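Input: a single structure, listed below in structure tokens.
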Amino acid sequence: MNATEVVSSPSRNVRTAATDANHFILTFENNRLASELFGQFDQNLKLLEQRLQVEAHARGNSVAISGELLATNQARRALDFLYARLQSGGSVEASDVEGAIRMAVAADDQLSLPTMERKAKLTMAQISTRKKTIAARTPTQDAYMRALERSELVFGVGPAGTGKTYLAVAQAAQLLERGVVDRIVLTRPAVEAGERLGFLPGDMKDKVDPYLRPLYDALYDMMPGDKVERAITAGVIEIAPLAFMRGRTLANAAIILDEAQNTTSMQMKMFLTRLGENGRMIITGDPSQVDLPRGVTSGLVEALQILREVEGISVVRFKDTDVVRHPLVGRIVRAYDAKYKVPDESEQPAT
């Protein structure tokens, strides 16, 4: 048991009816971990207060939680999960607190996701590499991570900042470390985002690196830098533009196609047919940010329509509520979606 819970009468400071109010004290056994859980100057508890509209007062290794019954129960589950994370050797940052709160709230909402049934304790899908462990921060991330674990071909589509690419690279790194695959192949189409960069100096690697930088960043976050460099040199990790995939069969590999909305129909078909024996393929993209020339059909949009009835393929759709970057990013995405409404992929006919 992670914490001892003492329940007392409703607090006078709670602005709710007594029947809807709750007050209890959680006491954590390890003082050092409790301090990390609460955060410097109790910043994690303050975040809990802001998001759930509860009152949280720490004293030593205990915290008193007061507020509406539903919110205080959500706070308890979030704190219990985060404390268990610390006990297992992990760390707790503000983003982890945000994620635990989101998942606790989602567990009480009437969601259709099968992983979100009501439970006494909070559970989240996790991806673990030697360098770090990542827990789902939204219900959709939870569904995505579970799909990555069970399916050989997964589409992760939705707005920027939802963790589509980051979690895909994390899953690939985990599979490599487990020995499930022998190599990782990361690719994306070399399409400029609305501007012409002109001639780029250097060899082929120098020319394509700017397009592939987000994949490099995610890799270095998952694995030690020297190990990444050695793996790239040895060909265990391959990062290449999509054009280099033609004619290949990728077996025993975790293959990620990023920015897939910028593939043409023929490029997407070519890529999908590269999947070899014991291969895992992950395709990520945002249909609302297509940089192809006007009139050219996005291979991602078309594939989602053509393949929706194909057995063995998982499609996970993220929304603006799944944005885990700065809170402003979610609001920016919603504002643009309201201005430039993008039809659902299933409503767009294949050409």
Side-chain angles (χ1 to χ4, degrees), residues 1-28 33-34 36-39 42-59 61-88 90-126 134-146 162-163 319-324 327 330:
M1 185 173 181
N2 291 331
T4 302
E5 179 178 335
V6 179
V7 181
S8 61
S9 59
S11 170
R12 295 180 182 177
N13 296 325
V14 179
R15 300 176 183 176
T16 59
T19 54
D20 295 326
N22 193 31
H23 175 83
F24 58 83
I25 298 173
L26 289 176
T27 300
F28 299 93
L33 295 184
E36 291 184 37
L37 175 65
F38 301 158
D42 294 339
Q43 61 184 7
N44 293 341
L45 296 181
K46 292 176 182 176
L47 187 56
L48 206 69
E49 290 181 319
Q50 293 169 4
R51 297 293 184 265
L52 295 176
Q53 299 300 304
V54 298
E55 294 183 9
H57 302 289
R59 184 173 182 178
N61 62 334
S62 298
V63 57
I65 308 289
S66 303
E68 292 185 359
L69 181 60
L70 182 62
T72 56
N73 284 332
Q74 291 166 351
R76 175 184 54 75
R77 290 201 301 272
L79 288 173
D80 188 62
F81 173 82
L82 294 169
Y83 185 72
R85 180 184 175 95
L86 290 169
Q87 284 183 311
S88 64
S91 60
V92 171
E93 308 293 339
S95 57
D96 299 311
V97 180
E98 290 271 14
I101 293 170
R102 287 193 192 203
M103 295 296 285
V105 171
D108 286 324
D109 289 340
Q110 298 301 315
L111 298 179
S112 60
L113 292 173
T115 58
M116 289 291 102
E117 67 268 17
R118 291 179 184 273
K119 297 178 181 178
K121 288 189 176 183
L122 194 60
T123 59
M124 303 182 194
Q126 296 188 351
I134 305 163
R137 295 181 184 174
T138 72
T140 309
Q141 279 196 357
D142 185 83
Y144 183 53
M145 292 163 76
R146 295 178 192 275
T162 51
K319 299 179 180 179
D320 57 84
T321 52
D322 297 303
V323 172
V324 292

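Source: prediction; values computed, not measured. Nothing fancy with the numbering, it's 1 onward along the sequence.
Residues that satisfy the side-chain contact (heavy atoms from CB on, under 4.5 Å) test with S62, not counting sequence neighbours, are I25, T27. Taking the side-chain contact (heavy atoms from CB on, under 4.5 Å) definition, one finds that A135 meets it with F81, R85, M124, Q126, sequence neighbours left out. A search for side-chain contact (heavy atoms from CB on, under 4.5 Å) contacts involving E93 returns S91, S95, D96, not counting sequence neighbours. Every residue was checked against the salt bridge (charged side-chain N to carboxylate O under 4.0 Å, His left out) condition with E49, not counting sequence neighbours, and none meets it. Checked against salt bridge (charged side-chain N to carboxylate O under 4.0 Å, His left out), D42 has no partners two or more places apart in sequence or in another chain.
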Under the side-chain contact (heavy atoms from CB on, under 4.5 Å) criterion, do F28 and L33 qualify, and how do the steps go? CA-CA 8 Å; F28 299 93; L33 295 184; over 6 Å; no
Dump the intermediate steps for side-chain contact (heavy atoms from CB on, under 4.5 Å) on V63 and H57, then the final yes or no. CA-CA 5 Å; V63 57; H57 302 289; 5.9 Å; no
Derivation and outcome, side-chain contact (heavy atoms from CB on, under 4.5 Å), residues V97 and V92: CA-CA 7 Å; V97 180; V92 171; 3.8 Å; yes
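Taking every heavy atom of both residues into account, E36 and L86 meet most closely at OE1-CD2, 3.5 Å. The shortest heavy-atom contact between K319 and T162 is O-CG2, 3.7 Å. Taking both residues in full, the closest heavy atoms of Q141 and G163 are given as NE2-CA, 4.1 Å, listed atom of the first, atom of the second, then distance.
Considering only heavy atoms from C-beta on, I65 stays 4.5 Å or farther from H23 through its side chain. At a threshold of 4.5 Å between non-hydrogen side-chain atoms, the residues N44 and F38 do not count as touching. A 4.5 Å side-chain heavy-atom check between E68 and T72 finds every atom pair outside the cut-off. Residues L79 and L45 have side chains in contact (heavy-atom distance under 4.5 Å, counting atoms from C-beta outward). The shortest distance between side-chain heavy atoms of N22 and N73 falls below 4.5 Å.
E98 has a carboxylate O that lies under 4.0 Å from a charged side-chain N of R51, or vice versa, which qualifies the two as a salt bridge. The pair D142-R146 meets the salt-bridge criterion, since a charged nitrogen lies less than 4.0 angstrom from a carboxylate oxygen.
Note that the CD atom of Q53 and the CD atom of Q74 stand 11.5 Å from one another [nearest 0.5 Å]. Separation of atoms CD (Q87) and CG (L37) is listed at 10.0 Å; rounding is to 0.5 Å. Taken from CD in Q50 to CG in L48, the straight-line distance is 10.0 Å, to the nearest 0.5 Å.
T138 and D322 are linked by a side-chain donor-acceptor pair at a separation below 3.5 angstrom, with hydrogens and angles left out of the test.
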